[in-house]
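Structure record follows, encoded as structure tokens.
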Amino acid sequence: MAPLVSQPVESSVETACPLDCPDSCTLTATVRDGRLVTLDGGHANPVTQGYICAKVRRFPERVYGDARLVQPLLRKGPKGSARFEPIQWDEALDRIAESFDRVRREFGGEAILPFCYGGSNGLLTQDTLDATLFWRLGASRLARTVCAAPTGAANLALYGKMPSVTYQDYVHAQLLVLWGMNPAVSGIHAMPYVREAQKRGGKLVLVDPRATALARQADLHLPVRPGTDVVVALAVHRYLFEHGKADEQFLAAHTTGADRLRARAAEWDIARAADVAGLDPRALEQFARWYADLSPALIRCGWGLERNRNGGNAVAAVLALPAVGGKFGVRGGGYAMTNSKSWNINRAWVPGHEPSTRVINMNLLGRVLTEPLDPPVKALFVYNANPAVTIPDQQRVLKGLEREDLFTVVFEQVMTDTAAYADIVLPATTFLENYDIARAYGPLAIQLGRPVIDPAGEARSNNDVFGALAARMGLLNDGEPASELDMLLKAMDGLPPHIGNALREGRVVEAPWNGAPVQFVDVLPWTNDQKVHLFPEELDREAPTGLYTYQPDPATAAYPLALISPSSDRTISSTLGELKRPATGLDMHPIDAAARGLQDADQIRVFNTLGEVRCALRVVPTVRPGTVSLPKGLWRKSTANGYTATALAPDTLTDVAGGACFNDARVEVALVSRASA
Ligand SMILES: Nc1nc2c(c(=O)[nH]1)N[C@H]1C(S)=C(S)[C@@H](COP(=O)(O)OP(=O)(O)OC[C@H]3O[C@@H](n4cnc5c(=O)[nH]c(N)nc54)[C@H](O)[C@@H]3O)O[C@H]1N2
Ligand SMILES: Nc1nc2c(c(=O)[nH]1)N[C@H]1C(S)=C(S)[C@@H](COP(=O)(O)OP(=O)(O)OC[C@H]3O[C@@H](n4cnc5c(=O)[nH]c(N)nc54)[C@H](O)[C@@H]3O)O[C@H]1N2
Ligand SMILES: [Mo]
């Protein structure tokens, strides 16, 4: 006879983290009686090594938290008030289909704007049935430029985005340069390899306006003024050329454009570059000498240097260094960036064709929603993104979202600051409740993510919802995938066989090379002639003052401080921002605080012509004087006045590729109140 009282059933299930982070960890979920209890690291992806970051470990708090969306909602209050009432899925989908039809009839398909970025970053939750739906609606297309646009454009132009040196090979570097990159926070599984490189005698150099914990442990820290990396890199180029350290043989055999790069670099001697970048010239010269003399030398280029008016030029100049210095061809030498394109995955398995409808730069969302446009945007469908807090010029974005004549759908896991502005909110599954194909972009690994628990309430996966909407609107043909499971099978069939098979068998897919690729041994540039294009004409034409040039600091007497907003260990962009966190604030150097009569823990306002953020001040020696820092991804509730760093970020665009200039925010800071002693 069966026991009268059943024992709780506990199991461990392996899955993968698809969130927008280079590591893409293997996860072990412990599930008891159908409920997720803990989440920890697994071993299938070798770099995860059984541990994960503290923030994703807290993911069960999101799954079961108060902010979690569990049913479709219809707006009842003014936009932004977050007053809703529950409705049925059928009604929600009908309303969306009707509104899309109406907008299309009156204004054309381009009046519909899908707005999506890296929420769940897997291969399945994005650019699948969502693409089919919006392509066939003839909707506006979105240029996904909020992140990685300049780095991507530079990498494409110089190297055709050839595969990067992966984490495991960092250990071989005798010189490891982390440029605008803070892996201790933004990709923690790189850290053991960074440490091992140091242990083996490799020198570590950090280029970062902040003295991060890692920078303080480096052999050399270059605390550059934000936005000046291009001149630092050009000074190193000049040093290499002038001291006979440029690898002329490599340049002749494997590159084009070296002479033109050399000519532009000639303007930047160490002293001048150090002056502009706010560096000690001796430190810069030390760096140039190490880069000239040490090998294997590896530059890990992050995203911190791209988020300003000189971002594309900076990344191009940095990526050109290993070619000029002759650093390729050895394990642990060359450059490391995102490996997201290294698998060369095409998406022929996604039904439909991309139309040639207009392209809207996501960084201009505020303007697009508030300024005359033909046709205007009348329907906005937000998913995998939280633009109310992540897109530049927050006030303008919010003003746009407030428009009564804008039909807004937000498809979300939790009640975000953006969802608060929706006409209809749709509840989304998390990666613990749906399938995904997680692709690491630091190491080279692809793994299947699978549901470990049932969806919370009525939450549905992206593909189930976009499939249902497309079917409802008569946009799917017989036999085409219409759900997540259909799409998963189609993807596994459509991916290269070694990937599809491994996913079916639950294995992690290794790199398509024999181990990690050595640049210029296992892989050559993926450019048309397999050469490094050191002076790509397209970048020179696009950049307002030309390639390898410097546009001056936008600071003014009224707004002299550079505000940066780097990633924090609490959120991934704004994901998980609903969870409780220790009070945060604006970091400022003691010299800047003293100059303004400010003290630690003061309530301050940080402001410019675009807006104002009120929060606490933290006087710390770890940001360079003249620079202040607020975490990226804060939710509106995390500051005293409901605005975040994006309220101070201009919606100007980077020199190439239309990227976001978050770190071109120039601000002033003043006292609001002081806690009595
Ligand atoms: N914990 C955590 N991990 C994340 C994320 C997160 O939000 N939280 N976000 C994920 C995403 S979307 C991304 S794109 C990556 C980003 O990963 P990283 O590239 O590491 O990103 P950031 O934090 O933007 O910037 C890195 C460093 O650049 C510095 N910096 C700022 N301005 C400049 C500059 O002008 N020049 C130079 N040289 N340095 C500068 C900052 O002080 C910061 O320490 O991380 C991913 N991983
Ligand atoms: N101030 C400042 N702001 C920045 C930056 C900066 O440097 N400074 N950098 C930025 C960077 S690097 C990036 S990448 C952008 C990112 O900006 P966003 O793309 O807006 O990313 P997130 O803030 O992570 O928001 C993703 C949302 O998608 C939801 N989501 C996750 N999975 C799913 C799913 O499967 N289905 C659906 N429907 N929804 C899902 C999550 O709950 C989350 O709310 O932010 C940028 N914002
Ligand atoms: Mo990003």
Side-chain angles (χ1 to χ4, degrees), residues 18-23 53-56 62 115-122 124-126 130 144 146-148 151 178-188 206-210 212 214-215 222-229 232 277 301-308 310-311 314 318 338 362 382-392 394 410-414 416-419 426-431 433-434 436 460-462 465 562-578 623 627 629-634 644-649 660 662-663 665:
L19 297 179
D20 190 355
C21 159
D23 296 5
C53 61
K55 59 194 179 307
V56 171
R62 156 165 280 216
F115 195 94
C116 156
Y117 196 71
S120 283
N121 207 34
L124 198 62
T125 42
Q126 203 171 3
D130 52 330
R144 299 218 189 108
V146 72
C147 173
T151 44
L178 298 176
W179 202 313
M181 173 85 199
N182 186 21
V185 164
S186 61
I188 62 172
L206 264 283
V207 188
D208 195 312
R210 296 184 304 153
T212 57
L214 192 54
L222 299 176
V224 284
R225 222 172 245 142
T228 61
D229 300 271
V232 174
C301 179
W303 293 270
L305 68 166
E306 76 161 25
R307 311 193 197 287
N308 64 77
N310 294 312
V318 168
T338 175
M362 67 190 296
V382 180
Y383 60 108
N384 294 356
N386 187 10
V389 295
T390 55
I391 297 295
Q394 185 172 36
V410 178
F411 182 19
E412 250 301 347
Q413 299 170 343
V414 290
T416 57
D417 288 321
T418 308
L426 301 177
T429 47
T430 66
F431 67 88
E433 300 151 313
N434 58 234
D436 210 342
R460 293 187 187 174
S461 70
N462 284 11
V465 170
L563 170 71
I564 59 174
S565 36
S567 42
S568 83
D569 59 2
R570 296 280 157 176
T571 61
I572 302 166
S573 296
S574 77
T575 301
L576 296 171
E578 78 277 15
V623 282
T627 298
S629 175
L630 251 181
K632 101 168 166 184
L634 290 180
T644 68
T646 51
L648 303 166
F662 294 110
N663 296 347

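Atoms considered below: every heavy atom in the structure, side chains included; atoms not considered: hydrogens, waters and symmetry mates. Both counts, for ligands and for their atoms, begin at 1 and track the order of listing.
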Does [X] approach ligand 2 within less than 4.0 angstrom via side chain, backbone, both or neither, non-hydrogen atoms only?
{"X": "Ala385", "answer": "both"}
{"X": "Ser574", "answer": "both"}
{"X": "Arg62", "answer": "side chain"}
{"X": "Ile572", "answer": "backbone"}
{"X": "Asn384", "answer": "both"}

N/O of [X] under 3.5 Å from N/O of ligand 2, yes or no?
{"X": "Ser565", "value": "yes"}
{"X": "Gln413", "value": "yes"}
{"X": "Asn462", "value": "yes"}
{"X": "Phe411", "value": "yes"}
{"X": "Thr575", "value": "yes"}

What atoms of ligand 1 come within less than 4.0 Å of a heavy atom belonging to [X]?
{"X": "Ser573", "value": "6 (C), 7 (O), 12 (S)"}
{"X": "Asn663", "value": "31 (C), 32 (N)"}
{"X": "Leu305", "value": "34 (C), 36 (N)"}
{"X": "Gly302", "value": "19 (O)"}
{"X": "Val185", "value": "1 (N), 2 (C), 3 (N)"}
{"X": "Cys147", "value": "14 (S)"}

Quick test of your reading of the structure: of [options], whose heavy atom lies closest to [atom]?
{"atom": "atom 7 (O) of ligand 2", "options": "Glu433, Glu578, Glu412, Arg307", "value": "Arg307"}
{"atom": "atom 1 (N) of ligand 1", "options": "Ser568, Gly311, Pro631, Ser186", "value": "Ser568"}
{"atom": "atom 30 (N) of ligand 1", "options": "Gly180, Ala215, Pro209", "value": "Pro209"}
{"atom": "atom 36 (N) of ligand 1", "options": "Val623, Val224, Asp229, Val56", "value": "Asp229"}

With a 4.0 Å cut-off on heavy atoms, is Gly633 touching ligand 2?
no
Give the residue and atom name of whichever protein heavy atom lies nearest to [atom], and the separation in Å to one decimal.
{"atom": "atom 46 (C) of ligand 2", "result": "Thr390 O, 3.4 Å"}
{"atom": "atom 12 (S) of ligand 2", "result": "Lys632 NZ, 3.1 Å"}
{"atom": "atom 35 (O) of ligand 1", "result": "Gly227 N, 2.9 Å"}

Between Asn384 and Asn462, do the side chains contain an N or O donor and an N or O acceptor separated by less than 3.5 Å?
yes
Mind checking side-chain hydrogen bond (donor to acceptor under 3.5 Å, both in side chains) for Asn434 and listing every partner two or more places apart, or none if nothing turns up?
Thr429
